[in-house]
Amino acid sequence: RQAKAGPVAVPEEAGEPVAGDEPMVRAEQVWKWFGDTDVLQGIDITVRPRQTLVLLGPSGSGKSTLLRCVNALEKIDSGLLEVDGERVGLRTTGDGRLHEMAPAELCRQRTRIGMVFQRFNLFPHMTAIENVALGPRRVLGLSRDQAEAEAERLLTRVGLRDKLDAYPAQLSGGQQQRVAIARALAMRPHLMLFDEPTSALDPELVGEVLDVMKDLARRGMTMIVATHEIGFAKEVADTVAMLDGGVIIESGPPGECLVEPKEERTRAFLSKVL
Ligand code: ADP
Ligand code: MG
């Protein structure tokens with residue numbers, strides 16, 4: 001199968017930043033509800049290319065739902081959401097009405113976004129290099145040789161040069177999560193989403209995963225990261241957004257929001273996680 005050409009050029013090499021200055025993600029008054037529960041209540045965010053937005057907030061505040069909307073795994077119910085210059089979930093047609101996008105369309109949009117979850121979800125019967133090379137072969141249409149050469153380069157980049165042929169069960173949680181990051185990068189995403197990527201790890205393994213994410217941010221990957229790691233947010237975020245009850249209660253540079261928060265709820269949250 002051939003790679004599908006999106007409206008924006010796919011980066012030549014996996015894991016390289018995109019050019020341009022148009023917002024990579026733009027959300028305006030995004031609402032999402034499940035039945036009677038309003039889970040996102042008018043979210044506004046802008047993420048520019050090569051920037052990192054860190055989402056903070058208590059469990060149940062809507063971080064995962066927001067990431068899932070950006071990745072078109074959930075459809076928004078109201079508002080505007082654009083990723084990479086394209087509407088996601090809902091679009092307006094000529095008659096001015098909102099229409100839900102077709103599953104195939106959502107699926108195509110998703111290929112330009114890499115997502116890393118709390119659980120690594122590697123294929124247990126495949127080695128590290130096979131896990132990373134699978135998507136590029138199946139979806140991008142690379143040959144086995146091309147895909148494995150690139151997988152080796154990416155696994156080297158995340159510090160797993162000596163684990164190419166290891167199966168997930170032979171790897172620590174931190175190593176598995178680094179394979180999962182390499183696997184996402186192999187699809188040449190324009191945007192990387194991380195949903196509490198270190199929450200399931202033993203404390204001594206958290207640092208090696210955060211280091212890989214810091215390196216990605218330094219190299220100019222555009223990222224949204226839901227995490228409770230305040231140190232990471234301080235060091236890496238261009239912007240932090242504090243969610244509570246589906247609302248961004250405070251956002252701005254980490255030097256402001258995390259050091260001198262204006263909102264009492266932000267202070268209360270920070271005092272719990274620090
Ligand atoms: P966080 O990631 O910040 O912990 P979530 O986005 O997972 O928050 O959840 C926000 C709220 O939405 C929670 O109250 C959760 O119970 C609710 N929620 C999430 N997914 C669903 C769903 N599929 N159906 C119903 N409620 C959901
Ligand atoms: Mg969550």
Side-chain angles (χ1 to χ4, degrees), residues 25-45 47 52-81 83 88-90 100-101 103 106-107 109-110 113-121 173-174 176-177 180-181 184 191-203 205-206 209-210 213 223-233 236-237 239-252 254 257-258 261 263-274:
V25 179
R26 191 156 72 96
E28 283 176 12
Q29 285 302 302
V30 164
W31 285 72
K32 172 73 192 172
W33 49 77
F34 295 106
D36 290 340
T37 315
D38 292 331
V39 174
L40 299 179
Q41 305 186 36
I43 297 288
D44 294 310
I45 56 169
V47 185
T52 296
L53 168 68
V54 170
L55 302 176
L56 299 173
S59 180
S61 58
K63 304 179 298 293
S64 296
T65 303
L66 179 55
L67 290 173
R68 290 171 60 78
C69 287
V70 170
N71 200 15
L73 293 165
E74 301 280 1
K75 281 185 218 165
I76 64 173
D77 291 304
S78 173
L80 173 110
L81 179 60
V83 178
V88 174
L90 284 178
E100 293 196 346
M101 288 165 63
L106 297 174
C107 197
Q109 295 185 326
R110 211 169 288 142
I113 304 174
M115 188 148 176
V116 176
F117 300 89
Q118 191 171 338
R119 292 266 158 215
F120 341 110
N121 303 318
Q176 289 183 57
Q177 192 60 306
I181 293 172
L191 169 69
M192 286 283 289
L193 309 177
F194 293 88
D195 193 356
E196 300 201 30
T198 59
S199 296
L201 298 177
D202 291 334
L205 304 177
V206 167
V209 173
L210 293 180
M213 294 165 62
M223 323 208 295
I224 306 180
V225 183
T227 184
H228 294 299
E229 297 289 334
I230 302 297
F232 173 85
V236 179
T239 308
V240 299
M242 174 71 58
L243 270 86
D244 198 5
V247 175
I248 295 179
I249 56 169
E250 186 161 3
S251 76
C257 286
L258 301 178
E263 295 292 326
E264 180 51 41
R265 276 182 295 173
T266 308
R267 276 194 286 274
F269 174 75
L270 292 175
S271 72
K272 272 186 215 141
V273 293
L274 281 177

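Indexing begins at 1, ligand by ligand and atom by atom, following the structure's order. Side-chain atoms are counted along with the backbone in the values below, which use heavy atoms only and exclude waters and symmetry mates. Index from 1, following the sequence.
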Open item on the list: Taking only non-hydrogen atoms of A226, do any sit less than 4.0 angstrom from ligand 1?
Closed with: no
Open item on the list: Just to check, does S59 reach to within less than 4.0 Å of ligand 1 when the distance is taken from its heavy atoms?
Closed with: yes
State the [atom1]-[atom2] distance between [X] and [Y], to the nearest 0.5 angstrom.
X: L67; Y: L193; atom1: CG; atom2: CG; result: 5.5 Å
X: K32; Y: T37; atom1: NZ; atom2: OG1; result: 11.5 Å
X: N71; Y: S64; atom1: CG; atom2: OG; result: 12.0 Å
X: M213; Y: T198; atom1: CE; atom2: OG1; result: 7.0 Å

Open item on the list: Under 4.0 Å from a heavy atom of P58: which atoms of ligand 1 are those, numbered in the order shown and with their elements?
Closed with: 3 (O)
TODO: Provide the number and element of each atom of ligand 1 under 4.0 Å from a heavy atom of S61.
DONE: 1 (P), 3 (O), 8 (O)
Of all the non-hydrogen atoms in the protein, which one sits nearest to [atom], and at what distance?
atom: atom 8 (O) of ligand 1; result: G62 N, 3.1 Å
atom: atom 23 (N) of ligand 1; result: F34 CE2, 3.5 Å
atom: atom 9 (O) of ligand 1; result: T65 OG1, 3.9 Å
atom: atom 14 (O) of ligand 1; result: G60 O, 4.1 Å

Task: atom 16 (O) of ligand 1: any protein heavy atom closer than 4.0 Å - done: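 Protein heavy atom within 4.0 Å of atom 16 (O) of ligand 1: absent.
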Open item on the list: Less than 4.0 Å from atom 11 (C) of ligand 1, is there any heavy atom belonging to the protein?
Closed with: yes
Open item on the list: Considering G35, C69, S64 one by one, which has a heavy atom nearer to atom 7 (O) of ligand 1 than any of the others?
Closed with: S64
- [ ] Heavy-atom distances under 4.0 Å are what count here, so tell me which part of V39 touches ligand 1: side chain, backbone, both or neither.
- [x] side chain
- [ ] Name all residues meeting the side-chain contact (heavy atoms from CB on, under 4.5 Å) criterion together with P254; count only those two or more places apart in sequence or in a different chain, and write none if there are none.
- [x] A237, V240, L258
Task: N, O or S atom of S64 closer to the Mg ion (ligand 2) than 2.8 Å - done: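 S64 does place an N, O or S atom closer than 2.8 Å to the Mg ion (ligand 2).
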Open item on the list: Just so I know, are the side chains of F194 and T227 near enough to count as touching, which here means a heavy-atom distance under 4.5 Å?
Closed with: no
- [ ] Could you pull out all residues at least two apart from E28 that satisfy salt bridge (Lys or Arg N to Asp or Glu O under 4.0 Å)?
- [x]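 Listed in chain order: R26.
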Open item on the list: Keeping E250 on the side-chain end and E263 on the backbone end, is there a donor-acceptor pair under 3.5 Å?
Closed with: yes
Task: Residue pair Q29 / W31: nearest heavy atoms and the distance that separates them - done: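 Closest heavy-atom pair between Q29 and W31: O-CD1, 3.3 Å.
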